[in-house]
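To keep things clear, I will list the structure first and then write my remarks on it.
Just so we're on the same page: letters track the sequence lines, and every chain starts at 1.
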2 protein chains.
Amino acid sequence: MPRKKIAEPDITTEEKIKEAARKVFMKKGYAGTRTRDIAEEAGLNLALLNYYFRSKEKLFEIVMMEKVQKLFGIIAPILTDTSTTLEKKIELAAGNYIAMLMENPDLPLFVMSEIRNNPERFANKVQAVKLIQESHFVKQIKEKRPDINPLHFVISLLGMILFPFIARPVLQDAGNLSAKAFQNMMEERKALIPLWIKALMKAR
Amino acid sequence: MPRKKIAEPDITTEEKIKEAARKVFMKKGYAGTRTRDIAEEAGLNLALLNYYFRSKEKLFEIVMMEKVQKLFGIIAPILTDTSTTLEKKIELAAGNYIAMLMENPDLPLFVMSEIRNNPERFANKVQAVKLIQESHFVKQIKEKRPDINPLHFVISLLGMILFPFIARPVLQDAGNLSAKAFQNMMEERKALIPLWIKALMKAR
DNA sequence: GTCTATAACCTGATAGAC
DNA sequence: GTCTATCAGGTTATAGAC
């Protein structure tokens, strides 16, 4: 009975290309990426990109959809869950989101930049505002603070979580903050952000 | 005695090109911009770009330095001023920064993206962390909260101010938040952010 | 200083051998 | 499926007329 060799990496050519594309697109953006860079990163020939994915554009769309899903997919279920308290949602958002972003620190800036560079492509596709407005999270905020537009709280929460990652190239590469110091700071923020968001929800 | 005609716009060709470059680079980023786009935007011939600026790269560097200066130049003097209180600094930062960014909403994402796409170019040039660490603002925070890394407060303040502008393409173009609603929100935040930052500085 | 024409190079995509 | 070789078109930069 034939079966795969044990210890075989078993990575298909298609997956090799996708993995290389993720890396290069994330680093240089769509416009700054040359298909040759992706082929080289994958250790394969340029012609194979078109064999498997038809065009640079198609390959990018696959990677981009993955990344958008990853960025919003982790926060959406937390905000829409009707069985958790407001406090629990804030703790989960900070904890889970920061943990994921420490593994994918370039994700937020990549997604924001690419949407900025080509908003037509995403018009009416990423319905972030609608998802937020209709979430259980916003309903709970309205009960607690009917005097303030709930978007302020959501944006402040997301800003406290995401902004350090967006500013990381400035802080770390162009500035002089060490990778270790950045990591420590983000670990601390997992506990700090819930404390702070709760504090500002009480502020008058 | 010869003098310039009154009502003459008096915009030099060099300035026309720079103005067009600002617009196109901001919209499409360095890699996504073609020098032809800039020439067309300026209503001039392509050859003039190289006559005045030698290369796309050189022209971009001039625009980029302007933008970096604009983004950090407004906040640096507020944070380093030794004659203002901590509270006053927070109010000035929120008020002045948001007012400037409402006139230049794409500025933060542009600068962050370009530094991300080419960090080598800015290595050890944008000393944001050092400037922050040695500022009077950080000194004042340390007195008030010696138990917390002051960077947490600075990043939270900057995040509350900058993040809405960075997320604007998602909220407005890809999402469904109207331009007017965004503007109103940012006006409200001028007062809300100082209130909130003060609240979280007291949180234990 | 400003233009047209073109050089020199780069990039995405494909043809065709293996 | 994978490779080499190459095409077709686009892009930056420059030469040279005016």
Heavy atoms under 4.0 Å, any strand shown: does B:Thr12 hit a base, just sugar-phosphate, or nothing?
-> nothing
In whole Å, what is the span from the CG atom of A:Leu48 to the P atom of D:dA5?
-> 15 Å
Evaluate the side-chain proximity of B:Leu151 to A:Glu188: yes if any heavy-atom separation is below 4.5 Å, no if none is.
-> no
Short side-chain N/O contact from A:Arg36 to OP1 or OP2 of C:dT11, under 4.0 Å = no
Determine whether the aromatic ring centres of B:Phe165 and B:Phe182 lie less than 6.0 Å apart.
-> yes
Looking at the side chain of A:Tyr51, which of D:dC3, D:dG1, C:dG12 is the nearest nucleotide?
-> D:dG1
With respect to the phosphate group of C:dG12, does any side-chain polar atom (N or O) of A:Ser55 fall under 4.0 Å of OP1 or OP2?
-> no
Let me know the distance between CG of B:Leu49 and P of D:dT11, rounded to the nearest Å.
-> 14 Å
Please report, rounded to the nearest Å, how far the P atom of D:dA13 is from the CG atom of B:Asn45.
-> 14 Å
Should B:Arg121 and B:Met64 count as side-chain neighbours, where that means a heavy-atom distance under 4.5 Å?
-> no
Quick one: is D:dA13 close enough that its OP1 or OP2 comes under 4.0 Å of any side-chain N or O from B:Thr35?
-> no
Short side-chain N/O contact to D:dG1 OP1/OP2 from A:Tyr52, under 4.0 Å = yes
Non-hydrogen side-chain atoms of A:Leu59 and A:Ile38 separated by less than 4.5 Å = yes
Salt bridge A:Glu19-A:Lys16, side-chain N to carboxylate O under 4.0 Å | no
Minimum-distance nucleotide (side-chain atoms of B:Ala47 versus C:dG12, D:dT14, D:dT4) = D:dT14
Side chain of A:Asn50 - closest among C:dT14, C:dG1, D:dT2 = C:dT14
Could you check how far CG of A:Leu59 sits from P of C:dG12, rounded to whole Å?
-> 11 Å
Can you figure out which of C:dT2, D:dA13, C:dA13 approaches the side chain of A:Leu46 most closely?
-> C:dA13
What nucleotide, of C:dA13, C:dT2, C:dT4, holds the atom closest to the side chain of A:Lys56?
-> C:dA13
When rounded to whole Å, the CZ to C1' distance for the pair B:Phe53 and D:dT14 reads 18 Å
Which whole-number value in Å describes the distance from A:Glu40 CD to C:dT11 P?
-> 12 Å
Rounded distance in Å - CZ (B:Arg54) to P (C:dG1) | 18 Å
In whole angstroms, how far is the P atom of D:dT14 from the NZ atom of B:Lys58?
-> 12 Å
